[in-house]
Number of protein chains: 2
Amino acid sequence: MTGDHNSTILCRSVYILLMVVKGDQTRTRLIDAARTLVEARGYFGTGLNEVIEAGRAPRGSLYHHFPGGKDQLTAEALVVSAREIDALIRSLAEGVTDTRELIEAVLDALADRMEEAGYAKGCPIATVALEVAATNASLQQVCAEAYDGWERALADRLVADGHGRDHAEDLACSLLALVEGALVLARARRSRVPIERARRSAAVLLGA
Amino acid sequence: MTGDHNSTILCRSVYILLMVVKGDQTRTRLIDAARTLVEARGYFGTGLNEVIEAGRAPRGSLYHHFPGGKDQLTAEALVVSAREIDALIRSLAEGVTDTRELIEAVLDALADRMEEAGYAKGCPIATVALEVAATNASLQQVCAEAYDGWERALADRLVADGHGRDHAEDLACSLLALVEGALVLARARRSRVPIERARRSAAVLLGA
DNA sequence: TAAAATATGTAGATCGGTCTAGAGAGGCGC
DNA sequence: GCGCCTCTCTAGACCGATCTACATATTTTA
């Protein structure tokens, strides 16, 4: 009886797990498709038809997994992309000796990523942030939080380098701006030169 | 006879002028409407229905003045906006003593403009640049040229400050990146703090 | 059987773009 | 000097395509 009960629980758990995994597979494919498309063409430039085609899912699945529609899908895609960049910063931060090296590593990684994608990638947040800043409060909030997280990661490393907290936050914000701006210029020009130049300026800001 | 001829020419000239002016008024209204909407919501986020409504013009007029359709209208709107910023930089450059003051003045002006518009304005080029970098060569070209012009204006002022040409171009590119990035962060967060912080970092880059 | 997830179909609006009609002006022949 | 022509620009109806969103099966699994 206890055995039956346990095996029932087990079966049920496995089922739920499988369902979750399977459901999550479709869900994940949709989010990944949205991430790629939104980064390449923005919020308004990405149609849900493209998303479900790229995500190989029927229309109904999209609204099953994302009852909030396009906004929910986009918000979740932005959160995943933001976390990925955050993890990139924090993982690179462990293998370098100071923040200057960290910024250079981040710029290199983002530049490579951008070139490899034929300039369809850059900052996964910026395009949407600019499109919705004045008209969509919830997505604007998601974008703002993404930047907050990255800035915190940079500030943490600056503090570890010995900077005071206040100065670290100031500097982290400017470094983030420099990186974001370099990505904008690089994409607009389809050239990584602005990123190389930002590297040197970042070094100056960090007192190299 | 000569009088008749002259008055005929005069009438004709006046007519053509009026027609040109009238045509240009509609044309200008459409471009202005497109400028505002595109800066606020980007290329894909701006519908031609909104443009003709804001520009108080019928559809026929739009396609009369812009036979190239949405792309032509957007391209011309970007060019006008780019020239406006270029003129802003060059006019501010005349009233300051060095490039540091110029950057600070530019940042102040852009931040005011952004706040006054409720964060519906920022950089008039960036949103479109990010949306079309990988998919629309002609608009991407327009964006790239806009940034080239602004960078040249900054580099000119740096050369006037005594910097060597090569170093001036490097520095101008990074300063532009810093400004662009600060605008992105400021819009995303709906706060001018990132711009204030970029001010200080710009001063550092310019050796203040 | 019940619930979850998938698979379509389609509604209703809006998209960019095209088309034709007409208003308003001067030129021009008679 | 009057009617007619042409030309520019305005005006809006209209087109097929696409958009987001929802509704309705069908399949899958315990």
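First the proteins, then the strands, lettered A, B, ... as listed; each starts at 1.
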Heteroatom pairs (N/O) under 3.5 angstrom, protein to nucleotides 18-21 of chain D:
residue	atom	partner	partner atom	Å
D:dC19	OP2	A:N49	ND2	2.6
D:dT20	OP1	A:T46	O	3.4
D:dT20	OP1	A:L48	N	3.4
D:dT20	OP1	A:K70	NZ	3.0
D:dT20	OP2	A:L48	N	2.5
D:dA21	OP2	A:Y63	OH	3.1
D:dA21	OP2	A:K70	N	3.0
D:dA21	N6	A:R59	NE	3.0

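- B:R35 and B:S81 share a side-chain donor-acceptor pair at under 3.5 Å.
- Side-chain atoms of A:Q140 come within 3.5 Å of backbone atoms of B:A188 as a donor-acceptor pair (strictly under, hydrogens ignored).
- A:I52 places its CD1 atom 13 Å from the P atom of C:dT6, with the value rounded to the nearest Å.
- Distances shown here put a side-chain N or O of B:H64 below 4.0 Å from the OP1 or OP2 atom of D:dC9.
- An OP1 or OP2 oxygen of C:dT6 is reached within less than 4.0 angstrom by a side-chain nitrogen or oxygen of A:T26.
- Taking atom CZ of A:R29 as the reference point, atom P of C:dA5 lies 14 Å away to the nearest angstrom.
- In this structure, B:H167 and B:H163 have tilted ring planes: the angle between them lies in the 30° to 60° band.
- With respect to B:R197 and A:E151, a salt bridge is recorded, a charged nitrogen being found less than 4.0 Å from a carboxylate O.
- A heavy-atom distance below 4.5 Å is not found between the side chains of A:R187 and A:L183.
- If you take CZ on B:R113 and CG on B:L88, they are separated by 9.0 Å, rounding to the nearest 0.5 Å.
- Note on A:H65: a side-chain N or O is less than 4.0 Å away from OP1 or OP2 of C:dT6.
- Distance CD (A:Q25) to P (D:dT28): 16 Å, rounded to an integer number of Å.
- Of the charged side-chain nitrogens involved, none lies within less than 4.0 Å of a carboxylate oxygen, so that A:E145 and B:R189 do not count as a salt-bridged pair.
- Between the CZ atom of B:R41 and the C1' atom of C:dC15 there is a distance of 13 Å, given to the nearest Å.
- A straight line from CG of A:L30 to P of C:dA5 spans 13 Å, rounded to a whole angstrom.
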- Can you give the dot-bracket line for DNA chain D, where a pair is Watson-Crick or G-U wobble with both atom distances under 3.5 Å, crossing pairs use [ ], and | marks a partner on another strand? ||||||||||||||||||||||||||||||
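- A salt bridge links A:R165 with A:E169: at least one charged nitrogen is closer than 4.0 Å to a carboxylate oxygen.
- Between A:E53 atom CD and C:dA7 atom P the separation is 15 Å, expressed in whole Å.
- A salt bridge links A:E196 with A:R192: the closest approach of a Lys/Arg side-chain nitrogen to an acidic carboxylate oxygen falls below 4.0 angstrom.
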